[in-house]
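The shown structure was predicted, so the numbers you read here are calculated from the model rather than taken from an experiment. To find a chain, count down the sequence lines: A is the first, B the second, and so on, and within it residues start at 1.
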Amino acid sequence: MIGFQNVDFSYEKDRKVLHDMSFGIGKGESVGLIGANGAGKSTIMKLMLGLLGPDSGRVLIDGIEVKKDTLSDIRAKLGFVLQNSDNQMFMPTVYEDMIFGPLNYGLPRDEADRRVDEVLGRLGLEYLKNRYNHKISGGEKRMAAIATILAMEPEAVLMDEPTSALDPYNRRIVINTIKSLDQTRLIASHDLDMILDTCDRVILISGGRIAADGPAEKILTDKELLEANRMELPFRFAGR
Amino acid sequence: MNKMQKALAELAEMDELAAMRSPVHRLHPGAKLITTIVYIMITLSFGKYDLPGLVPMVLWPAMMFSLSGVRVRTCFYKLRIVLPLVMAVGLFNPFFDRQTMLTIGGIAVSGGVISMITLMLKGVFSLMASFLLMATTKIDSLCAALRKLHVPALLVSLLQLTYRYVGVMTEELAVMTDAYHLRAPGQKGIHISAWGSFLGQLLLRSMDRAQELYSSMILRGYHEHFHYADIDRFRGRDALYMLISVMFFVLLRYGNISQLVGGLVVR
């Protein structure tokens, strides 16, 4: 579904953020992208979405190379949940935000309406439909942001820190929602307990390179590996 | 809640007012837009000394406030910053135009005073009509109506995005003002020495946020034009509203209602 082939990227000349990065994510996989601040997690996601272009190498989504003329097709396949839901929800109401994407992709309004209702029903968020974005709580906003993406029926969902700044109750709701998705999932986060709950596989990034790639359970219990890459064990394993 | 947060809440309240249900809210946005424009044009067309003719123009906004359920107090409260500026427009007229136009109870009233009041009322009535339009019509519906009236898509998108961008900037300003005051206790406002960096930071921060918002939009298929609200088609009742309103304006403009009403009570 997602492929990185020898990708190099730099924001500034002579300061590479990603070095010769290659990996692949299969359809339906749930992958956690972890690494210290500045490791390059968000950059990887932005390259997939075509918000940034690689210096060299290729990024492929469902076999299509991410290029200027394929962006529309690529973005129809990917849903991106931003770290800050306030930046994702820019319309007055949750309903208007949810219908924004489907309408842009040419869906008739009644079909888009049906999708909005279906997603809200699936997530148990019917009560949010006509609420104003500025009047809902942080947890509700995060769930609504996920709903706006699901209403587009993407083939893969990318999430940047989906549980940041959430209380334990709302965090658990978001985790259960992520677990219930059947799309390909790529989740960038420092919340390693959440990664362990939602992902089968983990890619550990360090200094713009892949430091480890394998089963979540294996990588997230490897104290030495994590500490060598400025990470710590998930809280549930702390003290081991 | 600091001033900026209050401003943000007030901005959001406009969306809530526009989502109310009333006969005026249900009217076609295009009909309301055109009627408002005609009202403003007719209001502005009164001569500078035609105060008696102008005053009855308040009847239309008064009726609309009553029918829409939007409170007049809300209008004046939200326009409290702009109103004094509008009122100040003719402030110097009394100094330049001293010719006595009428005498009330022995007090001479100059042409300057009358033209000042006329100018003020024109401004206030126009603002009231504009507020009514915004308070009874969602911005999306208004943009949809503008597109139906063949206003270029670029201009309409610009209007829509500006409306949203004001909110983004105000949010950033609210956060920065809070951060400033937490480290500058007892200070009123922002000290002049901090204005440069404050404004610079505000610009950079709001540009960053705007970039994020824009990314969120293009990732959801935005292609430089909005799919505006699905507005109802123009119905008979909308045409009737426009017709009656415009006829009423023309009657007020050329019928000299003040003289008519005055003639009923004074011989």
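Around atom CE of B:Met20, more than 12 heavy atoms belonging to other residues, nucleotides or ligands sit under 6.0 Å away. Crowding of B:Met207 atom CE: a count of heavy atoms from other residues, nucleotides or ligands under 6.0 Å not exceeding 12. No more than 12 heavy atoms of other residues, nucleotides or ligands lie within 6.0 Å of CD1 in B:Ile192, so this atom counts as exposed by the packing criterion. Around atom CZ of A:Arg15, no more than 12 heavy atoms belonging to other residues, nucleotides or ligands sit under 6.0 Å away. For B:Met176, the CE atom sits in a packed shell: over 12 heavy atoms of surrounding residues, nucleotides or ligands are nearer than 6.0 Å. Remark: A:Lys129 NZ is packed, more than 12 non-hydrogen atoms of other residues, nucleotides or ligands lying under 6.0 Å away.
Residue contact with chain B, scored on non-hydrogen atoms closer than 4.5 Å, involves the side chain of A:Ile149 exclusively. Both the backbone and the side chain of A:Phe90 come within less than 4.5 Å of a heavy atom in chain B. In this structure, chain B has no heavy atom under 4.5 Å from any part of A:Asp113. Only the side chain of A:Leu82 comes within less than 4.5 Å of a heavy atom of chain B; its backbone N, CA, C and O stay farther away. With a threshold of 4.5 angstrom between heavy atoms, A:Asp86 approaches chain B through its backbone and through its side chain.
In this structure, CD on A:Glu96 lies 11.5 Å from CD1 on B:Ile139, to the nearest 0.5 angstrom. Going from atom CG of A:Asn84 over to atom CZ of B:Arg209 covers 6.0 Å, rounded to the nearest 0.5 Å. Atoms CG and CG, from A:Leu71 and B:Leu219 in turn, are 9.5 Å apart once rounded to the nearest 0.5 Å. Between atom CD of residue B:Gln160 and atom CE of residue A:Met91 there is a gap of 5.5 Å, rounded to the nearest 0.5 Å.
Between B:Gly221 and A:Asn104, the closest heavy-atom pair is O-CB, 3.2 Å.
Side-chain atoms of B:Ile218 and A:Leu51, non-hydrogen and from C-beta on, do get closer than 4.5 Å to each other.
Heavy-atom pairs under 4.5 Å with chain B were tallied for A:Lys46, A:Lys135, A:Met89; the largest tally goes to A:Lys135. Ranked by non-hydrogen atom pairs under 4.5 Å with chain B, the options A:Gly50, A:Gly101, A:Ala76, A:Pro92 are led by A:Pro92.
A side-chain N or O of B:Glu16 and one of A:His134 form a donor-acceptor pair less than 3.5 Å apart.
Side-chain atoms of B:Arg220 come within 3.5 Å of backbone atoms of A:Gln88 as a donor-acceptor pair (strictly under, hydrogens ignored).
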